[in-house]
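Accompanying notes for the structure given below.
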Amino acid sequence: MDLARLKDIDRVIVAAAGGIKVLSRLSWPADTMAEFIDHWGRGNPRLPTVSYPPGDDLRDAASALSRAHADLAVFDDPLANFLRSTVRSYLTLCDLLQSAGSANLLTHSRRLYGIPGDRISDGHISNLDAARHFLTSSESYYQGLHLGDADYCLPARIIKQELEARLAEVFPAGTIEVVVDPRLASKAAAGATRIRLRDDTCFSEYDLEQLLQHEAFVHSLTALNGRLQPAAQSLGLGAPRTTGPQEGLATFAEVVTGAIDIDRMKRMALRVVGIDLALGGADFLDVFRYFLDSGQPESESFSSTMRIFRGAPLTGGVAFTKDVVYLHGLMEIHTFFRWAMQHNRLELCHWFLAGRMTIADTLKLAPLFADRILTPPTYEPPWMKRINGLAGYLSFSLFANRISVEALGEHHRFERPQDLGD
C-alpha cells in the first residue's frame, strides 16, 4: 500500500467533493409552499413552478474526481477501493444534479438511494413491506388505547441551552455551535459543526432527543471522526453511497435511546409509500392529497411531497428516492449490530463510528483499524459508551426475534376488553 500516494489522492477527493451539495441545489423557493396551499385552499390547485441550476459549475469537480478515479486504478487494497467507491458515488451524484428537472434523474437516484421495491438484507422483505408494516402498526395504535405524551412546548432558547449542555458531554466546547435563527424555513437544520433552530417555534422532548441522537451524536460525530482520520479524510465526507448507512445508524440511535416515537415512524413510512405512488405515475397533487388523507396537516403534507419531487418532474413517474433509505438503513444497521453481537464482533460497531462508511466498508477496512492505519473513533455517542447496555439490548433482540407474535397471541388467546362481555 502506497499510503503517501493515497493520502495525496484523498486530499484531491475531499477538495473536489466539498463543493457538491445536494439539497441546497434541489431546494425550492421559500414562498412556494404558501402559494401552493393558497391555491389549494381556494379550490384551484396548481402544480408548483420550480427550476434548478444547470450544473455547469459541477464540471471542474467532476473532472477532478475523474482524474482521482484514474489515479486509483493502479491500486488494489481496502483503502484504495474505499476511495474509488466514494469517487464513483460522487460522479453519480453529479449526473443526478445535472439531470435535475428531467426524467433522467430517476436512474441516478435509484443507483444512489434505491427504490421502495428493493429488498432488505435477506431478500424476503422490501422497503415497501416495511413501510406498510409500520403504517399498520401506527393505525392499530391510534385505534386502540392511545396514551398521548405530555404536550410540552419548549422554546428554541431552552432547546439551545439543553443541547449545549448535552453536547458538552461528548465534544469539546465550541465543536458544535447551536444557533437560534429566526429566518430558518424548517424547524431545525443540522450540519457537521452547527445546529440551527427556528425562533418562535415549539419544540418537544422528542425533538430535543432526535436532534441529539440523530443529528449530533451520529451525523456530526461521524463526520468529525472521519475528518480526524490521518490516512483518509474522505471518511468525513457525506458521500452519497453512505447516505443509507448514515440515516440507518442515526435512526437506530433513536431506537436504542428511546428517542423515536410512533409518529416519526409513520412519517418515514408514509414517504416510502409516497415515493412508490410517484413512481407509479401519481403527480404532485396526487401525492399531496395522499399525505393529507393520511392525517398530515397541509404544511407537513407539502413538505413531505416536496421531498419526493425535489429535482423530479412534478407530473409523476419519477421521484427523488432518498427518503427510502431511512427505513432501509434502519433495518440494515439493526441487522448488522445484531450480527456483530451474535458473532462476538462488536468492535466492528465501534469502528463503524470512526467515519462515514457502509457496512461493507467496515468489514473491508477492519484490518486497517486493527493495524492502526485507521484510528478508532475519537468521539462516541453515550449509547455506544454504555456498551454493556447495548449488548444487553442486542442479545434480547436476537432471542426475541425467534418468538412468533402470532403464535404467542394464539397461545394466550389474547382478547380485546370489548370482546369479553360483562
Side-chain angles (χ1 to χ4, degrees), residues 1-18 65 68-90 170-172 175 192 217-246 248-249 252-253 332-333 335-388 390-391 394:
M1 181 189 299
D2 187 346
L3 193 55
R5 179 62 181 132
L6 289 177
K7 286 183 179 180
D8 289 340
I9 299 173
D10 174 67
R11 282 191 284 270
V12 171
I13 296 170
V14 171
L65 290 168
H69 192 269
D71 291 340
L72 288 166
V74 299
F75 298 97
D76 186 18
D77 60 75
L79 186 54
N81 292 336
F82 168 82
L83 295 175
R84 194 160 32 241
S85 297
T86 296
V87 169
R88 282 198 297 265
S89 78
Y90 271 111
V170 175
F171 304 106
T175 302
F217 293 158
V218 171
H219 291 329
S220 296
L221 181 144
T222 52
L224 292 169
N225 283 337
R227 293 175 184 181
L228 293 172
Q229 287 291 341
Q233 292 187 13
S234 289
L235 281 161
L237 293 172
R241 62 189 293 271
T242 67
T243 301
Q246 270 289 298
L249 178 62
F252 175 78
E332 293 275 355
I333 297 302
T335 301
F336 168 58
F337 271 69
R338 288 167 54 238
W339 179 91
M341 178 68 190
Q342 188 175 43
H343 293 84
N344 196 28
R345 297 294 309 277
L346 281 179
E347 77 279 3
L348 293 172
C349 302
H350 179 65
W351 293 336
F352 192 57
L353 294 164
R356 292 184 170 183
M357 63 190 91
T358 67
I359 294 171
D361 290 336
T362 309
L363 297 171
K364 293 172 184 175
L365 295 173
L368 302 188
F369 283 106
D371 293 340
R372 306 294 291 187
I373 295 172
L374 294 176
T375 60
T378 301
Y379 307 116
E380 288 187 290
W383 57 266
M384 179 57 87
K385 289 181 180 179
R386 295 190 292 268
I387 192 65
N388 286 348
L390 177 63
L394 294 172

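These numbers come from the heavy atoms of this one structure, side chains and all, not from hydrogens, waters or symmetry mates.
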Name each donor-acceptor pair under 3.5 Å that joins a side chain in residues 339-349 to protein atoms two or more places apart or in another chain, with its distance.
{"from": "Trp339", "atom 1": "NE1", "to": "His343", "atom 2": "ND1", "distance (Å)": "3.3"}
{"from": "His343", "atom 1": "ND1", "to": "Trp339", "atom 2": "O", "distance (Å)": "2.9"}
{"from": "Arg345", "atom 1": "NE", "to": "Glu347", "atom 2": "OE2", "distance (Å)": "2.4"}
{"from": "Arg345", "atom 1": "NH2", "to": "Glu347", "atom 2": "OE2", "distance (Å)": "3.1"}

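Phe82 pairs by the ring pair (Phe, Tyr, Trp, His ring centres under 6.0 Å) definition with nothing, not counting sequence neighbours. A search for salt bridge (charged side-chain N to carboxylate O under 4.0 Å, His left out) contacts involving Arg338 returns nothing, not counting sequence neighbours. Residues forming a ring pair (Phe, Tyr, Trp, His ring centres under 6.0 Å) with Tyr90 (at least two apart in sequence, or on another chain): none. For His69, there are no ring pair (Phe, Tyr, Trp, His ring centres under 6.0 Å) partners, not counting sequence neighbours. Every residue meeting the salt bridge (charged side-chain N to carboxylate O under 4.0 Å, His left out) condition with Arg241, not counting sequence neighbours, appears here in chain and number order: Asp361. The side-chain contact (heavy atoms from CB on, under 4.5 Å) test applied to His219 returns His214, Glu215, Gln246, Glu247, Ala250, Arg356, not counting sequence neighbours. Asp8 is linked by a salt bridge (charged side-chain N to carboxylate O under 4.0 Å, His left out) to Arg11, counting only residues two or more places apart in sequence or in another chain. Applying the ring pair (Phe, Tyr, Trp, His ring centres under 6.0 Å) rule to Phe352 yields the partners Phe336; only residues at least two apart in sequence or on another chain are considered. Legend: residues meeting salt bridge (charged side-chain N to carboxylate O under 4.0 Å, His left out) with Arg5, ordered by chain and number and at least two apart, are Asp71. With sequence neighbours excluded, no residue forms a side-chain contact (heavy atoms from CB on, under 4.5 Å) with Pro367.
Residue Leu6 comes nearest to Ala80 through the heavy atom pair CD2-CB, 3.9 Å, listed as atom of the first residue, atom of the second, then distance. Closest heavy-atom contact between Leu374 and Ala231: CD2-CB, 4.1 Å. When all heavy atoms are compared, the tightest approach of Leu237 to Thr242 is O-OG1, 4.3 Å.
Counting only distance, with no hydrogens or angles, the side chain of Asn225 and the backbone of Gly355 share no donor-acceptor pair below 3.5 Å.
Interatomic distance, CD1 of Ile387 versus CD of Glu380, reported as 8.0 Å (0.5 Å rounding). Atoms NZ and CG, on Lys7 and Leu83 in that order, are 12.5 Å from each other to the nearest 0.5 Å.
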* Please step through side-chain contact (heavy atoms from CB on, under 4.5 Å) for the pair Leu365 and Ile373, ending with a clear verdict. => CA-CA 10 Å; Leu365 295 173; Ile373 295 172; over 6 Å; no
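Contact check for Val87 versus Ile13: side-chain heavy atoms found under the 4.5 Å cut-off. With a 4.5 Å cut-off on side-chain heavy atoms, Leu235 and Thr86 do not count as touching. Within the 4.5 Å cutoff, side-chain heavy atoms of Leu228 are placed close to those of Tyr379. With contacts defined as side-chain heavy-atom distances shorter than 4.5 Å, the pair Pro381/Val170 does not qualify. In this structure the side chain of Phe75 reaches within 4.5 angstrom of the side chain of Ile9, judged on heavy atoms. You'll find the side chain of Pro377 reaches within 4.5 Å of the side chain of His350, heavy atoms only. When side chains are defined from C-beta on, Leu249 counts as touching Leu353, because their heavy atoms get closer than 4.5 Å.
Below 30°, between 30° and 60°, or above 60°: for Phe217 and Phe171 the angle between ring planes is between 30° and 60°, a tilted geometry. The aromatic rings of Phe252 and Phe337 lie tilted to each other, with the angle between the two planes from 30° to 60°.
Within the structure, every pair that satisfies the side-chain hydrogen bond (donor to acceptor under 3.5 Å, both in side chains) test and touches residues 73-83, not counting sequence neighbours, is listed here: Asn81-Arg84.
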